[in-house]
Amino acid sequence: MPNPRSAALTAVFLVAVLAPQGIGRAAGPDDAVESLRREASKARSELESATTQMEDRKKDLTASQVKLRGTLRDLAVAEAELNRIRLPLARLANASYQQSGAAGSMAIFGGGAPDAALRSTADVTLLAKSQQALVDRADELQRRRRELASTAQDLQSRNAIEQTRLQQQIDGLKDKSAQLTRRLSVMLSKLSPAKRLELGCDKRLAVDAKRFPNGLIPAKYLCPLPQKGKELRADAALAFYKLNAAYKRHFGREMCVTDSYRSLSEQHRVYAQRPGFAAIPGTSNHGKGQAVDLCGGIQSSGSAQFNWMEANAKTYGWLHPAWAYSNPFEPWHWEFGTENDQ
């Protein structure tokens with residue numbers, strides 16, 4: 001029976017990757033995507049459950065077959081032992097029929113001295129009794145073998161039926177997952193690029209990102225911004241998406257970003273260019289993935305764009321830190337979180 005896990009789970013996991021958490025209302029494109037995400041998640045759970053059931057049944061059958069093979073080996077040993085005594089018994093019985101002085105129960109059909117007949121009868125009776133325990137044991141083992149063989153055949157038949165049924169169920173779930181993936185991909189293609197970024201950014205990545213040293217966060221724990229080549233920690237990125245959307249509604253264009261997450265090597269480069277002004281490498285909030293440097297008017301204190309940021313940024317979790325007003329003065333620098341997070 002082929003293992004369905006690698007082929008079957010792939011399609012479902014694609015759905016899970018493409019459809020992170022949503023808001024779960026009853027209308028709108030976001031809610032349609034969330035509904036599909038829930039269906040995909042359910043299909044994935046059912047598929048995993050069915051696969052686990054199949055693997056458990058295969059393990060049970062394997063254990064049963066191992067036990068059966070052991071029992072049959074024991075029976076073969078007993079039968080071999082029985083076969084070793086069958087030949088002398090057969091010869092004795094054959095001699096009883098052929099000799100004129102018939103012994104045992106056959107003595108009533110032929111001549112022979114009575115004392116010789118009695119001795120022969122006693123010899124045959126003693127020999128038969130001495131082997132009777134082995135004969136009885138062999139008969140019992142043969143009976144058990146027939147029962148076990150019947151049980152094994154029944155188990156194998158039922159298991160084959162169950163495996164077929166489960167495989168059909170898995171194939172059906174895989175097809176359903178593939179359909180969901182296609183439907184979800186079509187739905188996502190109709191959303192704006194910013195909305196697709198939001199749906200593809202899992203906020204749970206932020207917890208993992210915080211475990212890494214400043215400036216050494218692997219790319220897979222960061223989320224891209226609408227501005228090409230810019231990235232932030234997941235929680236900061238999700239907040240930035242909303243801030244950027246509000247800014248666009250007000251000014252008619254997206255925010256201008258010159259810098260976001262800054263790797264440790266990039267921090268060293270910037271510090272070499274601006275010693276005494278840039279943060280010491282390994283301490284910058286850019287290296288935590290929770291700071292951006294903005295342009296498009298925001299970099300100028302007192303501009304309409306800067307004033308809008310001062311009035312609205314905190315609504316979306318962003319702030320202009322106190323030090324950036326004077327030491328040094330950096331109106332372009334904004335950070336996600338609170339002063340205590342910095």
Side-chain angles (χ1 to χ4, degrees), residues 194 197 201 203 205-248 250-251 253-342:
L197 284 176
C201 182
K203 64 181 179 181
L205 292 174
V207 176
D208 293 324
K210 292 177 182 179
R211 296 188 290 107
F212 293 94
N214 187 300
L216 296 176
I217 303 175
K220 68 178 181 179
Y221 295 110
L222 301 170
C223 292
L225 301 185
Q227 293 75 9
K228 186 176 180 180
K230 308 304 180 184
E231 297 174 314
L232 286 174
R233 198 175 68 197
D235 51 351
L238 288 167
F240 183 86
Y241 299 152
K242 293 179 173 58
L243 175 65
N244 183 69
Y247 183 92
K248 185 176 181 179
H250 187 81
F251 290 102
R253 61 181 183 276
E254 292 186 337
M255 302 176 72
C256 175
V257 181
T258 60
D259 207 358
S260 52
Y261 170 73
R262 191 179 291 167
S263 67
L264 187 59
S265 60
E266 184 66 10
Q267 291 180 50
H268 278 283
R269 185 190 67 79
V270 172
Y271 186 78
Q273 293 176 345
R274 301 178 60 202
F277 291 94
I280 296 174
T283 66
S284 173
N285 280 319
H286 284 285
K288 297 179 181 179
Q290 61 182 107
V292 291
D293 288 344
L294 304 176
C295 47
I298 298 176
Q299 77 279 10
S300 300
S301 179
S303 66
Q305 294 81 3
F306 181 85
N307 291 340
W308 184 91
M309 284 290 292
E310 280 194 316
N312 296 279
K314 287 185 178 180
T315 302
Y316 304 97
W318 287 84
L319 59 87
H320 189 237
W323 64 261
Y325 281 97
S326 59
N327 187 28
F329 180 51
E330 295 185 0
W332 56 84
H333 182 90
W334 295 77
E335 297 179 348
F336 172 75
T338 65
E339 292 284 357
N340 294 330
D341 295 329
Q342 312 310 319

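The shown structure was predicted, so the numbers you read here are calculated from the model rather than taken from an experiment.
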Minimum heavy-atom separation for [X] to [Y], with atom names?
X	Y	answer
Leu264	Pro281	CD1-C, 4.0 Å
Val270	Ala278	CG1-CB, 3.8 Å
Pro224	Leu197	CG-CD2, 3.6 Å
Ser300	Phe306	O-CB, 3.3 Å
Cys223	Ala237	CB-CB, 3.7 Å
Gly302	Asn307	O-ND2, 3.2 Å

Measure up the Trp318 and Phe240 rings against each other and bin them: parallel (under 30°), tilted (30 to 60°), perpendicular (over 60°).
perpendicular
Do the ring planes of Trp308 and Phe251 sit parallel (below 30°), tilted (30 to 60°) or perpendicular (above 60°)?
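The arrangement is perpendicular - the two ring planes meet at more than 60°.
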Short side-chain to backbone donor-acceptor contact, [X] and [Y], under 3.5 Å:
X	Y	value
Tyr241	Cys201	no
Ser260	Glu231	yes
Ser284	Ala279	no

What verdict does the side chain to side chain contact (heavy atoms under 4.5 Å, CB included) test give for His250 and Asn312, after you've listed the backbone C-alpha separation in whole Å, the side-chain angles of each residue and the deciding distance to 0.1 Å?
CA-CA 11 Å; His250 187 81; Asn312 296 279; over 6 Å; no
State whether Glu330 and Arg274 are salt-bridged, where the test is any N-O pair (Lys NZ or Arg NE/NH1/NH2 against Asp/Glu carboxylate O) under 4.0 Å.
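Salt bridge present between Glu330 and Arg274.
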Can you tell me how far apart [atom1] ([X]) and [atom2] ([Y]) are? Round to the nearest 0.5 Å.
X	Y	atom1	atom2	result
Trp334	Glu310	CH2	CD	5.5 Å
Gln290	Glu335	CD	CD	6.5 Å
Arg211	Ile217	CZ	CD1	11.0 Å
Met255	Leu225	CE	CG	10.0 Å
Ser263	His268	OG	NE2	9.5 Å

Show your reasoning for whether side chain to side chain contact (heavy atoms under 4.5 Å, CB included) applies to Asp235 and Lys203.
CA-CA 5 Å; Asp235 51 351; Lys203 64 181 179 181; 5.6 Å; no
For Tyr261 and Arg233, what are the C-alpha separation, side-chain angles and deciding distance, and is it a side chain to side chain contact (heavy atoms under 4.5 Å, CB included)?
CA-CA 8 Å; Tyr261 170 73; Arg233 198 175 68 197; over 6 Å; no
With a cut-off of 6.0 Å (strictly less than), are more than 12 heavy atoms of other residues, nucleotides or ligands near CD1 of Ile280?
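Count not over threshold, so no.
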Run the side chain to side chain contact (heavy atoms under 4.5 Å, CB included) test on Asn244 and Gln227 for me, step by step, so that the C-alpha distance in whole Å, both residues' side-chain angles and the decisive distance to 0.1 Å come before the verdict.
CA-CA 10 Å; Asn244 183 69; Gln227 293 75 9; 3.4 Å; yes
May I ask you to test the Leu294-Gln305 pair for a side-chain heavy-atom distance under 4.5 Å?
no
Residues two or more places apart in sequence or in another chain: which of them pass side-chain hydrogen bond (donor to acceptor under 3.5 Å, both in side chains) with Asp293?
Arg262, His286, His333
